[in-house]
Amino acid sequence: MREPHHPAELLRGQADDDRGLGDLELAAACRRGDVAAFEGLYHVHGARLKRIAFNLLGNVNDAEDAVQEVFLRVYRGIDSFKGQSAFSTWIYRILLNCCYDVRRRIARRQESSGPEPESEPGTEREAAAPVADHPLRLALESCLARLTSKHREVFVLFEVEGFKHSEIAAMLNISETLSKNRLYEAKRHLRHLLGTRKES
Amino acid sequence: MKTADCKDRERALREQDPEWVEALERHAEECAICAQELRLWNTISVAARGMGRNWESPGLWPRIERALTAEREAGRRPRPWSLLGNLTIPSRHWQATAALVAALALSLWGASRVLRHPPRPVSPEVERRLLTEQALHEIEKSEATYVASIQKLSALAVPKIESPKTPLLESYREKLLLLDEAIADCRAQIARNRANPELREELLSIYREKQRTLELLIREE
């Protein structure tokens, strides 16, 4: 009898076909509470989870905390995953909720202890940036922080991560039309902010 | 084939219908304003693609692994409250009953104290201040009891809040987050002005709403 696949092995081609067999088998392996399955999940989705969290939270430490929380929530809630959506969609939905909670925690912390000191250049956003960077991209990143969280989420998922509106709609429990509208508003606002920066 | 003019620009960019976008691109060949808008729009998309950055986190997976192992170990140990079995959830209304009993006991205790120790004559100003302090003390105590009851209710709702299975549960979750924010705001204002009755009433009404929402969420399958 053949040994069961290693979870990471199951996920070949996962990113292209999230509803494929790998997705379901990985979910089943995670349901058994197998830590190796979670390692497979980390290898497949970890980098993307970190990127999204970073673009939503703007801070490497907070992003990594959010990713760790995702894994704990997947572990605790795997029995509630019934397969109505792709496993990855479910995971990214959890990530968005985690990011939302982290943002609330930061806001509360700032409320109780006053605004946090401005970070030194090179400690936060820049920490994850390559040495030579495009000025427009840097400007865009700083403008992104000024969008509302709803607009920022859709912008990051569509424009940065390349998800389709149908996938974003499933993650956020919204309609595709609303996803398109949020993207339009996000880009309109960014365009305005970038224009203002250029003028000043 | 669709034709577009400047008025259709927003529609094409908002709906991203390929035919409208194509029509707008054709129109932009002759319209400098639309050409400029379209160029900026596309520039944002191109720049955004470069924002997906990766960085090494050699410590992250080991950290997650430790947390998962600890979670699994904790899951294997019997939890103290599990020994109570069904006693923990006999009725969804027991928390409210407990709060009521506590409030009643508090009132009786207060009344018996007043009867046993009749107040000495004091100046009106001192009396007003004492009454305000006493009333505030009692309100805060009752409030704490009520909050503790809601926290017990929240504990029951945790699994559904953390992994909402349906859009309705998700919306309850969102609502609870908003209510928590409103509670935090209100409490911060009360901290600055303890004796403001409007703020107290507002806080109470938010807590009631939270209790209602939690009850609905717990009932929802």
Side-chain angles (χ1 to χ4, degrees), chain A residues 33 35 38-39 42-43 46-48 50-51 54-55 60 64 67-68 71-73 75-82 93-94 97 100-101 104 107-108 111-112 127-130 133-134 136-137 139-141 144 155-156 158-162 165 173 177 180-181 183-184 187-188 190-191 194-195, chain B residues 10-17 36-37 40-57 59-72 74-76 158-171 173-174 177-178 180-181 184-185 187-188 191:
Chain A
V35 175
F38 286 88
E39 191 175 2
Y42 180 80
H43 284 304
R48 200 176 202 186
K50 279 197 298 177
R51 281 200 309 265
F54 176 76
N55 276 321
V60 168
E64 292 186 353
V67 172
Q68 177 175 339
F71 280 82
L72 283 173
R73 289 193 193 181
Y75 181 85
R76 289 174 195 147
I78 187 70
D79 288 332
S80 69
F81 174 69
K82 304 287 184 226
R93 188 187 299 154
I94 292 175
N97 287 334
Y100 187 81
D101 292 345
R104 278 180 58 238
R108 276 194 189 159
E111 244 173 45
S112 59
D133 213 333
H134 195 284
L136 177 63
R137 199 181 304 146
L140 192 59
E141 281 180 353
L144 194 63
F155 182 84
V156 168
F158 185 89
E159 295 286 7
V160 183
E161 291 300 326
H165 281 294
N173 264 332
T177 308
K180 285 179 182 175
N181 279 337
L183 179 68
Y184 174 79
K187 286 181 82 172
R188 202 169 60 93
L190 284 171
R191 189 218 168 293
L194 288 168
Chain B
E10 181 183 330
R11 181 189 184 162
L13 296 176
R14 189 186 283 273
E15 294 176 9
Q16 294 165 44
D17 176 61
Q36 166 79 350
E37 278 300 309
L40 280 168
W41 208 256
N42 292 333
T43 306
I44 291 175
S45 297
V46 171
R49 264 168 240 149
M51 285 170 64
R53 303 222 179 98
N54 295 303
W55 69 96
E56 291 295 318
S57 320
L60 183 56
W61 169 248
R63 210 172 91 187
I64 293 172
E65 193 176 18
R66 278 195 301 276
L68 287 172
T69 309
E71 184 82 10
R72 196 166 60 177
R76 279 180 189 156
V158 162
K160 287 184 178 177
I161 294 174
E162 286 191 342
S163 311
K165 287 185 221 165
T166 63
L168 185 60
L169 286 176
E170 179 65 35
S171 72
R173 178 188 176 279
E174 296 281 330
L177 290 172
L178 290 174
D180 281 343
E181 276 176 19
D185 282 349
R187 292 192 87 90

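Source: prediction; values computed, not measured.
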Charged N to carboxylate O under 4.0 angstrom, Arg187(B) versus Asp180(B)?
no
We want to know whether Lys160(B) and Ser80(A) form a side-chain donor-acceptor pair, criterion being a heavy-atom distance below 3.5 angstrom.
no
What residue in Lys50(A), Arg73(A), Arg108(A), Lys180(A) has the most heavy-atom pairs under 4.5 Å with chain B?
Lys50(A)
Name the region of Leu40(B), side chain, backbone, both or neither, that has any atom closer than 4.5 Å to a heavy atom of chain A.
side chain
Look at the aromatic rings of Trp61(B) and Phe71(A) and report parallel, tilted or perpendicular, splitting at 30° and 60°.
perpendicular
Please report the C-alpha distance between Trp41(B) and Gln36(B) in whole Å, then the side-chain angles of each, then the deciding distance to 0.1 Å, and finally whether the side chain to side chain donor-acceptor pair (under 3.5 Å) criterion is met.
CA-CA 9 Å; Trp41(B) 208 256; Gln36(B) 166 79 350; over 6 Å; no
Closest approach of Arg104(A) and Leu177(B), non-hydrogen atoms and distance?
NH1-CD2, 2.8 Å
If you count heavy-atom pairs within less than 4.5 Å of chain A, which of Arg173(B), Glu15(B), Glu65(B), Arg49(B) leads?
Arg173(B)
Answer key: most heavy-atom pairs under 4.5 Å with chain B among Val35(A), Asn97(A), Asp101(A) is Asn97(A)
Can you tell which part of Asn181(A) gets under 4.5 Å to a heavy atom of chain B, answering side chain, backbone, both or neither?
both
Looking only at Glu56(B), Arg63(B), Glu37(B), most heavy-atom pairs under 4.5 Å shared with chain A are made by Arg63(B)
Examine whether an atom of Tyr100(A) lies under 4.5 Å from a heavy atom of chain B, and if so say whether it belongs to the side chain, the backbone or both; otherwise answer neither.
side chain
Heaviest contributor of heavy-atom pairs below 4.5 Å to chain B, chosen from Val156(A), Ile94(A), Leu183(A), Leu72(A), is Leu72(A)
Are Arg11(B) and Asp17(B) packed together at the side-chain level, in the sense that at least one heavy-atom pair is separated by less than 4.5 angstrom?
no
Flag the pair Arg188(A) and Glu10(B) as a salt bridge only when some basic side-chain nitrogen lies within less than 4.0 angstrom of an acidic carboxylate oxygen.
no
Heavy-atom pairs under 4.5 Å with chain A are the metric here; pick the option from Ala67(B), Ser57(B), Pro159(B), Ala184(B) that has the most.
Ser57(B)
